[in-house]
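All ligand and atom numbering here is 1-based and tracks the order in the structure. Quick note: numbers below take in every heavy atom, side chains included, and nothing from hydrogens, waters or symmetry partners.
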Amino acid sequence: MNFSERMKKLAETDKEALELIQLELQRQEDGLEMIPSENFVSMAVMEAMGSVFTNKYSEGYPGKRYYGGNEFVDKAENLAIERAKRAFNVPRANVQPYSGTPANFAVYLATCQPADVIMGQALPDGGHLTHGWKTSFSGIFYKPVQYHVKQDGYIDFDEARRLALAHRPKLIWVGASAYVRQFPFKEMAEIADEVGAYLAADVAHVSGLIIGGAHPSPAPYCHIITTTTHKTLRGPRGAIIMTTEKGLQKDPELAERIDKAVFPGLQGGPHDHQTAAIAAALKEALKPEFKEYAHQIVRNSKALATELMKNGMKLVSNGTDNHLMLVDLTTVAKGHGVFAQEALETAGITVNKNTIPHDPSSPFYPSGVRLGTPALTTRGMKEEEMTAIAKWVAEATRETEKYRLPAEKSEIAEYVKGAKREIRENAALKRINTEVREMCRHFPLYTDGTI
Ligand code: DSN
């Protein structure tokens with residue numbers, strides 16, 4: 001049974017909502033999904049997500065709920081917890097965070113007091129908003145110190161250590177959203193241990209790679225691990241917070257404090273359908289074939305990076321160790337990401353504009369685009385397809401070369417609007433779109449029940 005046939009009731013009751021779901025399905029089937037934080041869940045995970053657990057309230061934890069009727073919710077939550085512990089080799093896991101930002105907020109609540117000093121990788125250097133960026137709660141309620149990457153794209157450990165010794169953060173983050181090298185858990189652990197800080201690894205982007213053995217594990221080095229469940233892990237939108245053996249040695253109460261931070265600290269009732277789907281995703285991730293999947297993501301990523309460079313594109317750090325890469329568009333002009341994103345979207349390739357380290361422009365008009373291979377790999381694409389995709393990405397980007405952000409700030413929005421209108425009518429991009437669709441037809445997703 002394919003995806004549309006499963007929605008018979010919605011077809012009877014709400015044609016408008018159904019139509020939007022079908023259009024989104026078509027968009028996902030017809031295009032190349034290259035936002036590195038996105039992926040396609042299996043139908044099994046989708047079924048668990050759309051299950052009767054969505055009807056239940058269950059504030060508290062297994063065996064300690066405020067509401068009745070939680071016999072099976074308890075079992076589902078314990079199933080997800082046990083699988084998370086096995087997947088990441090940790091003694092404790094909390095599977096209730098609604099998503100990554102609430103999970104990271106819970107870590108602050110469990111380890112810091114408001115206004116404590118915390119340290120993380122700066123957002124323009126690939127870090128996450130919740131690692132101390134000024135517009136996030138983490139930069140508002142805490143005193144952030146930010147470390148950076150060097151010109152070669154690798155984290156500057158000398159700076160990180162100097163900052164840690166000078167500011168004595170209570171909590172240090174390792175992990176990022178746009179870092180193309182392996183996360184340096186060991187090096188950051190040496191710094192955190194020297195100043196007595198908690199070290200939290202945010203492995204949202206690479207958690208599937210870690211489970212599949214395609215990225216080192218943070219478990220021996222960090223006290224806490226957070227991850228979303230919907231990126232390389234291929235689960236539903238959600239998150240997990242784990243306490244490691246090292247974390248329990250530093251602070252035997254740490255896991256309980258994290259539990260209390262999630263509920264009642266930050267959240268109400270957990271999303272039990274999400275928990276069941278996390279359990280289902282972890283079961284898939286623990287299978288031997290997931291190892292092959294994780295390694296193929298990285299092989300595809302390296303192949304794509306090599307081919308992009310062969311096609312004349314500049315990459316931050318000249319390559320990648322993981323599932324993502326950052327195209328440096330300052331070779332065209334600063335702030336060019338907005339034009340490249342629009343051109344690629346017109347060509348049927350979904351990416352996100354992104355800051356690059358030492359970006360001469362702003363986060364809203366950044367100078368790069370971020371590309372990743374997890375979703376392409378889920379469809380079964382391999383190195384051969386990466387070669388074709390690299391050519392399309394390079395060609396589509398070249399189509400934007402004439403556009404320049406105006407120097408006058410007040411003129412930017414109007415100029416970008418006009419440029420986007422032109423880009424959407426560009427014949428070369430429309431031709432690439434047709435070629436992209438043709439390739440996608442050979443890698444179906446939900447329409448024929450492939451995944
Ligand atoms: N929004 C996620 C990403 O795209 O990397 C991080 O939270």
Of H230, H128, K231, the residue with the heavy atom nearest atom 7 (O) of ligand 1 is H128

Taking the six-membered ring for Trp, are F137 and F141 parallel (under 30°), tilted (30 to 60°) or perpendicular (over 60°)?
-> tilted

Mark the output for E38 as yes if a heavy-atom distance to ligand 1 is under 4.0 Å, and as no if none is.
-> no

Could you list which atoms of ligand 1 come closer than 4.0 Å to a heavy atom of S177?
-> 5 (O), 6 (C)

salt_bridge(E190, K186) N-O dist < 4.0 Å = yes

Under 4.0 Å from any heavy atom of R370, which atoms of ligand 1 are there?
-> 3 (C), 4 (O), 5 (O)

Would you call R398-E401 a salt bridge at under 4.0 Å N-O?
-> no

Note the single closest protein heavy atom to atom 1 (N) of ligand 1, along with its residue, its atom name and the distance in Å.
-> S37 OG, 4.7 Å

Applying salt bridge (charged side-chain N to carboxylate O under 4.0 Å, His left out), which residue pairs with at least one partner in residues 125-149 are found, sequence neighbours left out?
-> none

Among pairs that include at least one residue of residues 343-372, which meet ring pair (Phe, Tyr, Trp, His ring centres under 6.0 Å), considering only residues two or more places apart or in two chains?
-> none

Of all protein heavy atoms, the one nearest atom 5 (O) of ligand 1 is H205 NE2, 2.6 Å

